[in-house]
Structure formats: structure tokens, C-alpha cells
Amino acid sequence: LAQGSSHSAVFPFSVRGSLQRERAAMSPIVLRAIVGLSCAGSVLAAPGRSCNGDAACSADEALDGLSALQTVSQGGQHGHLAMRNSTSKDRPMSGRGVPFFGGKGGELGAHEEGKLLIEEDGVLKTYYLPGATIEDDGKTVKFTPPLRFYLMKEPTTDYSDAAKFYKPIFPGKTFTVDMKLENVGCGCNVNFYLVDMPVAEAGKDNDHYCDGQCFDGLGCCAEFDMNEGNNAVQQITNHACTNDYDGHPDWACHKWGEPEVKVSPWEFAGGRGHTIDGDKPFTFSQEFRMTAGQLQIITTITQGEAKLVKTMGPNAQLQAMLETGSLLKGMTFVTGYWTAPDMNWLDGEVCGGGAESCSGAPAYISNWRITTNSEAPPAPEPQPGPGPQPEGNFMCCWGGPGHCSEKGSWCNKGEQECTGSCQGAWTSV
């Protein structure tokens with residue numbers, strides 16, 4: 001970083017709360033270099049910030065990107081900058097939002113009930129996302145961080161009673177919603193997923209929660225991420241719990257996810273030039289298709305005439321979610337919006353490897369529906385075309401011209417059909 005300089009320092013991954021201490025610890029040379037990099041338009045700058053081209057960036061602006069940097073001392077050699085490059089495997093070991101607890105004396109006010117209408121096979125049914133902001137007469141959920149919500153049969157925050165959760169049985173069905181993620185960008189995670197909760201222990205959040213990450217203080221259980229993303233990415237991930245993961249004997253569940261399906265940047269991102277523009281409303285539909293006992297997840301994202309289809313499975317881990325998880329019995333439906341500066345495992349292909357700052361812009365999910373998949377009718381057997389017609393008027397007959405097939409029938413298509421499957425005589429009449 002600083003040619004000819006003997007200065008080296010270590011900058012911890014942190015947030016603005018400790019910027020003053022970090023600034024004091026830095027040498028002037030290091031500070032000027034970071035400011036220069038930020039003003040040069042480096043990806044180290046915080047998302048959404050840009051310099052004016054006149055070197056007018058402040059030290060504060062440069063420090064917003066500090067969590068992506070680390071100055072390394074190499075045995076007296078000049079220090080250098082190292083960029084933390086998160087991948088899909090570097091999932092943060094915290095974050096899922098926080099559960100909602102409200103009401104007085106265990107009762108929820110009308111504004112806290114989260115009354116949600118879900119159309120199931122054409123019939124509107126009432127369920128609840130306690131604590132959620134519901135708009136459009138029960139058809140739209142407005143999400144803001146950091147809360148997560150559970151789909152309930154009644155307006156309650158008693159998360160210890162499994163009977164109070166509404167647990168859709170998705171195999172053989174399709175889940176569809178309309179989504180609006182305008183300005184919900186890098187560092188944001190809007191999601192809906194399934195877990196095998198409640199567990200017996202209340203856990204540190206006191207909501208009997210569990211998932212496939214098996215966090216300390218929370219329960220450990222199967223998790224299927226139907227969708228998580230922002231305006232830059234959409235991802236579907238299966239976290240089964242088979243406790244047989246090579247190289248990870250301590251894993252009860254597959255923490256990284258297997259299989260995982262993610263859109264590519266040219267398929268989905270904010271702005272023009274992508275199949276789906278993540279800043280404009282789109283429809284998200286996910287079919288849980290059963291074929292000969294095998295599960296496939298077919299996810300379709302549509303926007304006007306544009307369509308994007310992603311397929312997951314068949315796969316042994318996905319089948320485990322079906323058979324040893326609880327997809328066939330029903331799993332708790334969780335939805336929420338959380339943020340993290342290290343969301344690069346999700347959106348790094350578009351947002352880069354530096355620290356991220358979620359805008360906190362609201363997300364909207366509307367027109368919730370669950371439909372039973374219709375079995376595709378078997379394809380009709382191919383019918384042979386009419387055989388060559390000889391000159392004259394011929395018909396397929398049995399025992400003479402008085403006992404012939406009706407005009408236009410299969411047996412009258414030609415001599416081959418008549419004498420073959422119809423076992424008649426191709427007769428001149």
C-alpha cells in the first residue's frame with residue numbers, strides 16, 4: 001500500500017460505531033491511500049456512494065468500506081490490502097431477523113394480527129403473520145427489516161404450539177406471489193422458507209425456532225429456502241439433515257445447502273439488460289412437482305413477456321427433505337427481511353466482495369396463492385395417416401358390400417388399415 005513505508009496496521013471488520021478508534025490507529029499514509037482508492041471509484045466504497053470526480057471524498061466515506069479491507073504485515077515487507085471475497089459457502093453465522101412478540105397479556109391488537117388472505121385453489125382463506133404490516137385489504141405484506149414472521153392459523157405469538165401454525169403441504173402444489181423489490185439492494189435479504197419448528201427448547205429468541213444452520217442457542221432442523229434475495233439476485237437452497245456429510249462430521253444438516261439454485265446476473269438484476277429487471281415488479285412461482293415419487297422444484301419468474309425458469313432436482317438431499325424432513329407432513333412457513341454487511345455469499349456476483357449496506361427500502365409481496373398441480377394428460381398415441389387410396393370407390397367390408405365400415409372411419413382410411421387391425425376386406429363398392 002505505502003511504498004517505502006514501514007507502517008502496518010490491522011483494521012478489524014467492524015461498523016461505523018468504531019470508526020473514530022480506527023481513524024486514530026491509522027497512519028496518515030494509510031488513510032490517504034484508502035481515501036484515494038475510494039475516490040477512484042473502487043468497489044471498496046460503500047454501496048450507493050460515489051465520488052464527485054474532484055477528490056472530495058471524506059475520510060468517513062472511505063471508512064464505510066473498511067470492513068472489506070485488511071492491512072497485512074509480511075515480516076517487515078510493505079503492507080498490502082486484502083479484499084475479503086465471500087463465496088456462497090461463506091454464509092454469516094448470524095442473521096435471520098428477529099421474531100415478533102407484541103400485544104398485551106398475550107393478546108394482539110388489530111393492527112398486530114397480520115391478517116393475510118391466501119388464495120388456495122381459487123378460494124380465499126384467512127391466515128395470520130403476527131406483527132406484519134398488511135395492506136391492500138389483506139393481499140399485500142409490506143416488509144421492512146429486521147423482523148421475521150410465522151404463518152399462523154390464528155392471531156397469536158404462542159410459537160410453542162405446533163397446532164397453531166399453518167403448515168402447507170407443498171408437494172404436488174405450486175406457490176405463487178407477486179414481488180416488488182425496488183431499491184431493495186445489496187446487503188438486503190427478503191425471504192420465505194420452510195423449517196421443522198417448533199422445537200422443544202425456546203432458544204435464545206424464545207420462539208422455539210430452528211433451521212439448518214444449527215446456530216448456538218437455536219434449534220437444529222431441516223430447512224428449505226424457497227426464496228431469498230434482493231433486486232440483484234434470487235436463490236433457492238435445500239438444507240436437509242442427514243448427518244452424513246463428508247468432510248463435515250460435525251454437521252447434522254447441510255449448512256451450505258445441496259442442491260442450490262441461483263439466478264445468474266444476466267438473468268436477474270436491477271436495471272435494463274437482464275431477462276428480469278429486479279427493480280420492477282415480477283411474479284415468483286414455485287412448483288413442487290412429484291414424478292414417480294421423486295421431487296423436483298420448478299421455479300418460474302415472469303415479468304411481462306419475459307420468463308426465467310430454474311429447476312432443482314431430483315437429488316438425494318432434496319429427496320431427504322421430502323422423506324426425512326417434513327415436506328410431506330407440512331413445515332412451518334417463515335418469511336422476513338434481514339440485513340448484513342457480509343451478504344456477499346448471496347449477492348456477491350453483482351454486489352462485489354466488499355462490505356455491504358442494505359438500503360432498508362420496503363419490499364412488497366402480494367397476491368399469495370397456492371394451487372394444486374394438475375396432472376398432465378398422457379400424450380395421445382400417434383395415429384397413422386391415411387394409406388394410399390386406390391382408384392375407384394373402395395370401402396372396408398365384412399362379408400360383402402352390404403356390411404362395410406362407415407365413411408370416414410379408421411377402417412376406411414385405406415387397405416392397410418382395413419386388412420390389418422380391422423381384419424376386413426378392401427372392397428370395391
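Excluded from the calculations below are hydrogen atoms, water molecules and symmetry mates; all remaining heavy atoms, backbone and side chain alike, are included.
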Task: Sub-4.5 Å side-chain heavy-atom contact between T237 and V261 - done: no
Open item on the list: For V263 versus I301, what's the shortest heavy-atom pair and its separation?
Closed with: CG1-CD1, 4.5 Å
Task: Intermediate values then yes/no, salt bridge (Lys or Arg N to Asp or Glu O under 4.0 Å), R148 and D207 - done: CA-CA 11 Å; R148 67 171 180 258; D207 61 345; 2.8 Å; yes
Task: Atom pair CD1 (I370) and CD (Q286), whose distance is rounded to the nearest 0.5 Å - done: 11.5 Å
TODO: Measure the distance from the SG of C253 to the SG of C241 and say whether it is below 2.5 Å.
DONE: yes
Task: Modelled atom types, side-chain donor and acceptor of N206 and Y159, under 3.5 Å - done: no
Task: Verdict with supporting geometry, K115 and E113, salt bridge (Lys or Arg N to Asp or Glu O under 4.0 Å) - done: CA-CA 6 Å; K115 184 177 179 180; E113 287 186 348; over 6 Å; no
Open item on the list: Under 3.5 Å, is there a donor on one side chain and an acceptor on the other for N227 and Q234?
Closed with: yes
Task: Separation of C186 SG from M343 CE (nearest 0.5 Å) - done: 10.5 Å
Open item on the list: Can you confirm if the aromatic rings of F170 and F288 lie within a centre distance of less than 6.0 Å?
Closed with: yes
TODO: Flag yes if more than 12 heavy atoms outside E135 fall under 6.0 Å of its CD atom; otherwise flag no.
DONE: yes
Task: Sulfur-sulfur distance C210/C221 under 2.5 Å - done: yes
Open item on the list: Using ring centroids (six-membered ring only for Trp), state whether W256 and H239 fall under 6.0 Å.
Closed with: no
Open item on the list: The test is side-chain contact (heavy atoms from CB on, under 4.5 Å); show your working for M331 and K167 and say whether it passes.
Closed with: CA-CA 5 Å; M331 301 175 72; K167 300 183 177 185; 5.8 Å; no
Task: Sub-4.5 Å side-chain heavy-atom contact between F224 and I236 - done: yes
Open item on the list: Check this for me: K139, atom NZ, are more than 12 non-hydrogen atoms of other residues, nucleotides or ligands nearer than 6.0 Å?
Closed with: no
TODO: Could you label the plane-to-plane angle of the F192 and F333 rings as parallel, tilted or perpendicular, counting under 30° as parallel and over 60° as perpendicular?
DONE: parallel
Task: D121 atom CG: more than 12 heavy-atom contacts under 6.0 Å - done: yes
- [ ] State, without any angle test, whether E112 and Y128 hold a side-chain donor-acceptor pair at a distance under 3.5 Å.
- [x] no
TODO: Give the minimum heavy-atom separation between P99 and L147, together with the two atoms involved.
DONE: O-CD2, 4.1 Å
Task: All pairs passing side chain to side chain donor-acceptor pair (under 3.5 Å) where residues 301-310 contributes a residue, at least two apart - done: E267-K310
Open item on the list: With a 4.5 Å cut-off on side-chain heavy atoms, are C188 and Y337 touching?
Closed with: yes
Open item on the list: Is it true that E182 and N231 share a donor-acceptor pair across their side chains at a distance under 3.5 Å?
Closed with: no
Open item on the list: Let me confirm one number: the CZ-OG distance from F165 to S160, rounded to the nearest 0.5 Å.
Closed with: 8.0 Å
- [ ] Verify the distance criterion only: is there a donor paired with an acceptor across the side chains of N183 and S359 at less than 3.5 Å?
- [x] no
Open item on the list: Taking CG in D250 as the centre, count heavy atoms belonging to other residues, nucleotides or ligands within less than 6.0 Å. Is the count above 12?
Closed with: yes
TODO: Pick out which of D347, N189, T339, N191 makes a side chain to side chain donor-acceptor pair (under 3.5 Å) with N230.
DONE: D347
Open item on the list: Would you say Q235 and D225 are linked by a side-chain donor-acceptor pair, where the criterion is simply a distance under 3.5 Å?
Closed with: no
TODO: Scan side-chain atoms only and decide if T283 and D178 contain a donor-acceptor pair under the 3.5 Å cut-off.
DONE: yes
- [ ] Cation-pi check, K180 to Y364: give yes when NZ or CZ is under 6.0 Å from the six-membered ring centre and within 45° of the ring axis, no otherwise.
- [x] yes
TODO: Scan side-chain atoms only and decide if D158 and T156 contain a donor-acceptor pair under the 3.5 Å cut-off.
DONE: no
Open item on the list: Within the 3.5 Å criterion, strictly below it, is a donor on E120 or Y127 matched to an acceptor on the partner's side chain?
Closed with: yes
Task: Minimum heavy-atom distance between G354 and N344, given as atom pair plus value - done: O-ND2, 2.8 Å
